[in-house]
Amino acid sequence: MKTIPIHTSQEPEFNRELIASLPASGPRYTSYPTADRFHSGFGESDYLQALQQRNTGALNKPLSLYIHIPFCNTICYYCGCNKIITKDKTRADAYIEYLEKEMALLSPHLNGKLPLAQLHFGGGTPTFLDDDQLERVFDMIRRHFQLLPNGEYSIEIDPRKVSRETVFHLGRLGFNRMSVGIQDFDPKVQQAVNRIQTVEETREVIEAAREAGFKSVSVDLIYGLPYQSLESIKPTIDTVLTLDPDRLALYHYAHLPHIFKPQRRIDTESVPGSEEKLDILQYAVQTLTRKGYTFIGMDHFAKPNDELAIALREGWLQRNFQGYSTYADCDLIAIGVSSIGKIGNTYVQNERDIDAYYNAIDNGRLPVMRGYRLNRDDILRRNIIQDLMCRFSLDFQTYESLFGIPFKQYFSEELSDLLNLAERGLIILKPQGLTVTPKGRFVIRNIAMVFDYHLRHKETAAKYSQTV
């Protein structure tokens, strides 16, 4: 796909009435089709076939590695991640042993010691692992892959559990990017979600990362948590700005206690209503853009000189299971319980249950639980949704050339919906393409949903997060 430079000088426009009139929930499109479309008919043999096709060179893209660490010392009541709550570090020793076994099962199918463009440790809490355990995992990585001087190697950090010395150790191992969980600094909110975290320990971790040579530090905030209000969020935003993060994510809290059991400990009456949440979001976005941050898309912001902002401006921004990325479309090897990978035109997810994960490996099988093989229509729509999410525009002729389709005939139903979006000022629709307006960038997920065949034509039991 050709790159299309993006003009980011205009701030996104916040139109409350328009936001309220659109579907309230929808996919985040870290993949298309979305993970709720994966099925158990896709198994280990399908995964191995995809790896074999990659080895022929036909689908030989840059490679990423994702490692899922499911353990947490304590439970955050808002969290919907796949996690195991324990203080027993020996459980991590056993888990690392299985990571090594899974990697040994995969290794014969990887065609040698391949270079890693990206590496990401997610969780759970990756820094649940102590220094020796982290060293052991990195030894495994170095046995099977080549780390590159310009690679993008990131880890999610809980500042409550990480010392300054550990941050320097992470830098020596090879990490050069860090995502720091904050959520909210208000003591009342922290108490309500069982995550007590001081500004001081957060600042210490971020400053240590900079001293250790990390290229980028991002922070995560959540809006819509219990007892949050427009007035309560202002000190948190002000404090975060003093930490001077390179990137910032502002996620919407989805209160679904019927799905996520820990959320049942949150008083539903204390969760702010939709109007209050929009007040919080509007204030945060206006404040961050006024302070010079570039609105990347959805809920992400970056400094203008950050790689994400540069990638957005120059038209080569990407999106994958870890969110926005600066790398071209990569293949993704994912290991660990519940992890999701992508090889060529297939997605693969490991067993979600730790015992099922262990049992598969004990029996000499890759712990594949489900997956999905994309057809030609899926690939076409995946490219379109990627362009919308990352470049805020579509060139119809590009797709006609690449896929040999008459765009307006192929997407006749979708064009009817696009006309409606154009009338509402979300897009500018032209004979040969479309551009998302500053007003539309706030609801880009809703625009992308127009091209989601599975959402339009097939039922799902999935509960998506709110689009704004």
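Side chains are part of it too, since the values below use all heavy atoms of this structure and drop only hydrogens, waters and symmetry mates. What you are looking at is a predicted structure, and each value in this text was computed from that prediction instead of being measured.
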message: Here's one to test your reading of the geometry: is the NZ or CZ of K291 within 45 degrees of the ring axis of Y293 and under 6.0 Å from its centre?
response: no
message: Looking at D377 and R381, is there a salt bridge between them, counting it only when a charged N and a carboxylate O are closer than 4.0 Å?
response: yes
task: Could you tell me the separation between the CD1 atom of I182 and the CG atom of L243, rounded to the nearest 0.5 Å?
output: 5.5 Å
field: F168 CZ to L173 CG distance, which is reported to the nearest 0.5 Å
entry: 13.5 Å
query: When the aromatic ring centroids of F42 and Y372 are compared, is their separation below 6.0 Å?
result: no
- request: Could you tell me the separation between the OH atom of Y283 and the CD1 atom of I237, rounded to the nearest 0.5 Å?
  value: 7.0 Å
- request: Could you tell me the separation between the CG atom of N305 and the CD1 atom of I310, rounded to the nearest 0.5 Å?
  value: 6.5 Å
S64 versus C330, closest heavy-atom pair with distance: OG-CB, 3.5 Å
Nearest heavy atoms of N320 and S325, plus distance in Å: ND2-CB, 3.7 Å
message: Distance alone, cut at 3.5 Å: any donor-acceptor contact between the side chains of S229 and E276?
response: no
- prompt: Can you name the nearest heavy-atom pair linking R370 to Q349, along with the distance?
  reply: NE-OE1, 2.7 Å
query: In terms of the angle between their ring planes, are Y66 and H120 parallel, tilted or perpendicular, with boundaries placed at 30° and 60°?
result: parallel
statement: Closest non-hydrogen atoms of C76 and R160, given as atom of the first, atom of the second and distance, are SG-NH2, 3.9 Å
- request: Identify the residue among F392, Y324, F301 that makes a ring-ring contact (aromatic ring centres under 6.0 Å, His included) with F295.
  value: F301
- prompt: Is D299 salt-bridged to R28, going by a charged N under 4.0 Å from an acidic O?
  reply: yes
message: Whether R391 and D387 form a salt bridge (side-chain N of Lys/Arg under 4.0 Å from carboxylate O of Asp/Glu) is what I want to check.
response: yes
statement: For residues 169-178, the side chain to side chain donor-acceptor pair (under 3.5 Å) pairs (sequence neighbours left out) are R177-E307
message: Please find the pair of heavy atoms, one from A284 and one from L250, that lie closest to each other, and give the distance.
response: CB-CD2, 3.5 Å
field: Ring center gap for F138 and F175 short of 6.0 angstrom
entry: yes
message: Check this for me: Q191, atom CD, are more than 12 non-hydrogen atoms of other residues, nucleotides or ligands nearer than 6.0 Å?
response: no
task: Determine whether the side chains of T90 and D88 contain a donor N or O and an acceptor N or O closer than 3.5 Å.
output: yes
query: For H255, what residues pass the ring pair (Phe, Tyr, Trp, His ring centres under 6.0 Å) criterion, not counting sequence neighbours?
result: Y253
query: Is K89 paired with D130 through a side-chain N to carboxylate O contact shorter than 4.0 Å?
result: no
- request: Could you grab the distance from atom CG of L110 to atom CG of D331, nearest 0.5 Å is fine?
  value: 10.5 Å
Salt bridge flag under 4.0 Å for residues D184 and R195: no
message: Looking at every non-hydrogen atom in both residues, tell me the closest pair between I361 and K101 and how far apart they are.
response: CG2-CB, 3.5 Å
- request: Run the ring-centre check on F260 versus Y77 and record whether the distance is less than 6.0 Å.
  value: no
query: Say you draw a straight line from OG1 of T34 to CG of D452; how long is it, rounded to the nearest 0.5 Å?
result: 6.0 Å
message: Assess, by modelled atom type and distance only, whether the side chains of Y29 and Q386 contain a donor and an acceptor separated by less than 3.5 Å.
response: no
task: Run the ring-centre check on F128 versus F71 and record whether the distance is less than 6.0 Å.
output: yes
query: Can a salt bridge be assigned to the pair K215 and E152 using a cut-off of 4.0 Å between side-chain N and carboxylate O?
result: no
query: Should the pair D186-K188 be classified as a salt bridge under the 4.0 Å nitrogen-to-oxygen rule?
result: no
message: Before we go on, tell me: are the rings of F38 and Y347 under 6.0 Å apart, centre to centre?
response: yes
